[in-house]
*Asks:* 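Handing you this structure, nothing more for now.
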Amino acid sequence: SDWISSAAMTKPNVTIAANNAAETVKQGQQKHITYQVRLTTNNADAILTGIQLLTSGDYDNSTDLDSLRLYISDNSSLDTLTDNFLQAIAAPASGSYASFTSLANYPILTSGSANYLFITADVNENASEGKVFSIQAPTVSDLFLTGGDIIAGTITDGGDQTIISPYTVTNTNDSGKGSLRWAIDNANLSTGKTIIFNIPDPSPWTITLGSDLPTITTTTTIDASSQP
């Protein structure tokens, strides 16, 4: 409903700021944070009723992304177990809006506080490697409130989220995304997988381990000859 002003009412001001860094995301990853929106409310409380966000990238919404989800938190770290889940939608085609307008509940944005919206993506386990998806910078008209004024803060496009294989070693780090340890951990979650290597030059490549690699618990092939 529209905000009706009177001498007894104070309209809320909500400042919107948004961004997200470029990152890689593995096939099959669930609830990957794709974009974050910070809402700072002043003067009076407001009620969030929805948001729409323009998507971009070369991804295929029928094969690469399964769904997008919207959460709200009172801090800048998402906890999908405890933070307020608002809505899940099928991933829209690139260049279309992800519209979250049928929320499970309508959060109150308390005056004098900040709230954080998180848009997460569920990536299909058979998604194409190298495909990219991202969220474009929203405008103030993309945020829906019961009333009040929306003020544009620092709003930027989200960085490219690039889909990678969880079984490809892309660096010589001891741990972390793209490491041999990471690839073995991922392979242990399934069976019959092949770990391949695609580490950038310059060669030769040496992986210096800080501790023993994980025990391989499933049928797994490590193909070092795959390194270009």
Side-chain angles (χ1 to χ4, degrees), residues 1-6 8-25 29-57 61 65-92 94 96-123 133-161:
S1 61
D2 294 331
W3 183 268
I4 302 174
S5 61
S6 73
M9 292 183 174
T10 302
K11 289 171 62 177
N13 287 334
V14 178
T15 302
I16 178 173
N19 68 347
N20 207 74
E23 193 175 353
T24 55
V25 51
Q29 186 164 334
Q30 304 294 292
K31 301 175 183 176
H32 169 73
I33 297 175
T34 304
Y35 203 64
Q36 181 187 112
V37 179
R38 185 176 190 266
L39 304 176
T40 305
T41 307
N42 288 295
N43 295 339
D45 294 350
I47 299 177
L48 176 72
T49 59
I51 190 171
Q52 63 178 15
L53 297 158
L54 187 63
T55 62
S56 66
N61 67 309
L65 298 183
D66 293 330
S67 61
L68 301 179
R69 303 170 191 263
L70 178 67
Y71 296 84
I72 189 168
S73 174
D74 59 6
N75 61 70
S76 59
S77 297
L78 174 64
D79 185 334
T80 58
L81 296 178
T82 60
D83 286 329
N84 189 356
F85 168 69
L86 297 178
Q87 190 180 355
I89 62 171
S94 180
S96 301
Y97 278 98
S99 297
F100 298 95
T101 53
S102 298
L103 307 186
N105 55 79
Y106 297 99
I108 295 175
L109 308 178
T110 305
S111 179
S113 66
N115 294 96
Y116 297 83
L117 297 177
F118 293 90
I119 294 82
T120 69
D122 294 339
V123 180
F133 61 95
S134 64
I135 299 292
Q136 298 298 290
T139 66
V140 294
S141 63
D142 292 327
L143 183 69
F144 308 123
L145 304 174
T146 51
D149 296 322
I150 303 173
I151 303 167
T154 302
I155 305 174
T156 60
D157 291 340
D160 286 346
Q161 310 298 297

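Throughout, numbering of the chain's residues begins at 1 and tracks the sequence.
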*Asks:* Donor-acceptor pair, Gln161 side chain versus Gly159 backbone, under 3.5 Å?
*Replies:*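 Yes: the side chain of Gln161 pairs with the backbone of Gly159.
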*Asks:* Could you tell me which non-hydrogen atom of Ser96 sits nearest to which non-hydrogen atom of Thr55, and how far apart they are?
*Replies:*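 That closest heavy-atom pairing would be O-OG1, 2.8 Å.
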*Asks:* For residues Asn43 and Pro12, report the shortest heavy-atom separation together with the two atoms involved.
*Replies:*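 Residues Asn43 and Pro12, closest heavy atoms: CB-CA, 4.3 Å.
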*Asks:* Say you draw a straight line from CG of Leu103 to CZ of Phe144; how long is it, rounded to the nearest 0.5 Å?
*Replies:*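 Rounded to the nearest 0.5 Å, the CG-CZ separation comes out at 10.5 Å.
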*Asks:* Has the side chain of Asn61 got a donor or acceptor atom that lies under 3.5 Å from a matching backbone atom of Ala91?
*Replies:*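 Checking the backbone N and O of Ala91 against the side chain of Asn61, a donor-acceptor pair under 3.5 Å is found.
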*Asks:* Verify the distance criterion only: is there a donor paired with an acceptor across the side chains of Ser67 and Asp122 at less than 3.5 Å?
*Replies:*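 Result is yes, a qualifying pair exists.
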*Asks:* Donor-acceptor pair, distance only, cut-off 3.5 Å: does the side chain of Thr15 make one with the backbone of Asn13?
*Replies:*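 Such a contact is absent between Thr15 side chain and Asn13 backbone.
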*Asks:* Side chains of Thr40 and Ile151: does their closest heavy-atom pair fall under 4.5 Å?
*Replies:*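 The answer is no; the side chains never approach within 4.5 Å.
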*Asks:* Answer whether the closest heavy-atom distance between the side chains of Ser73 and Asp79 falls below 4.5 Å.
*Replies:*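 Side chain of Ser73 against side chain of Asp79, heavy atoms only: no contact under 4.5 Å found.
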*Asks:* Going from CG on Leu143 to CD1 on Ile155, what distance comes out if it is rounded to the nearest 0.5 angstrom?
*Replies:*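 If I round to the nearest 0.5 Å, the distance is 9.0 Å.
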*Asks:* Quick one: CD on Gln29 to OG1 on Thr24, what's the gap to the nearest 0.5 Å?
*Replies:*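 Spacing of CD (Gln29) from OG1 (Thr24) equals 8.5 Å.
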*Asks:* Output all residues satisfying side-chain contact (heavy atoms from CB on, under 4.5 Å) with Ser111, sequence neighbours left out; order by chain, then residue number.
*Replies:*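 Per chain and number, Ser111 pairs via side-chain contact (heavy atoms from CB on, under 4.5 Å) with Asp45.
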*Asks:* To the nearest 0.5 Å, how far apart are CG in Asn84 and CG in Asp74?
*Replies:*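 Going from the CG atom of Asn84 to the CG atom of Asp74 covers 10.0 Å.
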*Asks:* Considering all heavy atoms of both residues, which atom of Ala137 and which atom of Asp157 are nearest to each other, and what is their separation?
*Replies:*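 What the structure gives for the nearest pair is N-OD1, 2.8 Å.
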*Asks:* Among Leu109, Leu145, Ile108, find the residue that satisfies the side chain to side chain contact (heavy atoms under 4.5 Å, CB included) test when tested with Thr41.
*Replies:*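 Going through Leu109, Leu145, Ile108 one by one, the side chain to side chain contact (heavy atoms under 4.5 Å, CB included) with Thr41 is satisfied by Leu109 alone.
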*Asks:* Taking only distance into account, with no hydrogens and no angle test, what donor-acceptor pairs under 3.5 Å do side-chain atoms of residues 112-119 form with protein atoms, sequence neighbours excluded?
*Replies:*
| from | atom 1 | to | atom 2 | distance (Å) |
| --- | --- | --- | --- | --- |
| Ser113 | OG | Thr110 | O | 2.5 |
| Tyr116 | OH | Arg38 | NE | 3.0 |

*Asks:* Is there a side-chain contact (heavy atoms from CB on, under 4.5 Å) between Val140 and Ile16? Walk through the geometry before answering.
*Replies:* CA-CA 7 Å; Val140 294; Ile16 178 173; 4.2 Å; yes
*Asks:* Can you tell me how far the CG atom of Asn20 sits from the OH atom of Tyr35, to the nearest 0.5 Å?
*Replies:*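 If we round to the nearest 0.5 Å, Asn20:CG and Tyr35:OH are 8.0 Å apart.
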*Asks:* Show your working on side-chain contact (heavy atoms from CB on, under 4.5 Å) between Val14 and Asp149 and close with a plain yes or no.
*Replies:* CA-CA 6 Å; Val14 178; Asp149 296 322; over 6 Å; no
*Asks:* Is the closest side-chain donor-acceptor distance between Ser99 and Thr101 under 3.5 Å?
*Replies:*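 Looking only at side-chain atoms, Thr101 and Ser99 do not form any donor-acceptor pair under 3.5 Å.
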*Asks:* Answer whether the closest heavy-atom distance between the side chains of Thr146 and Tyr106 falls below 4.5 Å.
*Replies:*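 The answer is no, as the side chains (C-beta and beyond) never meet within the 4.5 Å cut-off.
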*Asks:* Under the side chain to side chain contact (heavy atoms under 4.5 Å, CB included) test against Tyr71, which residue among Ile33, Thr120, Leu86 passes?
*Replies:*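 By the side chain to side chain contact (heavy atoms under 4.5 Å, CB included) criterion, Tyr71 pairs with just one of Ile33, Thr120, Leu86: Thr120.
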*Asks:* Would you indicate whether the side-chain heavy atoms of Asp142 and Leu53 approach each other to under 4.5 Å?
*Replies:*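 Counting from C-beta outward, Leu53 and Asp142 never come under 4.5 Å.
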*Asks:* For Leu54, which residues count as a side-chain contact (heavy atoms from CB on, under 4.5 Å) partner, sequence neighbours excluded?
*Replies:*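 Residues passing side-chain contact (heavy atoms from CB on, under 4.5 Å) with Leu54: Tyr97, Gln136.
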*Asks:* What pair of heavy atoms forms the shortest contact from Phe85 to Arg69, and how long is it?
*Replies:*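 Closest approach of Phe85 to Arg69: CE1-CB, 4.0 Å.
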*Asks:* With a 4.5 Å heavy-atom cut-off, do Pro92 and Leu68 have their side chains touching?
*Replies:*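 They are in side-chain contact.
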*Asks:* Would you give the length of the straight line joining atom CD of Gln30 to atom CG of Asp66, rounded to the nearest 0.5 angstrom?
*Replies:*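 It is 6.5 Å, given to the nearest 0.5 Å.
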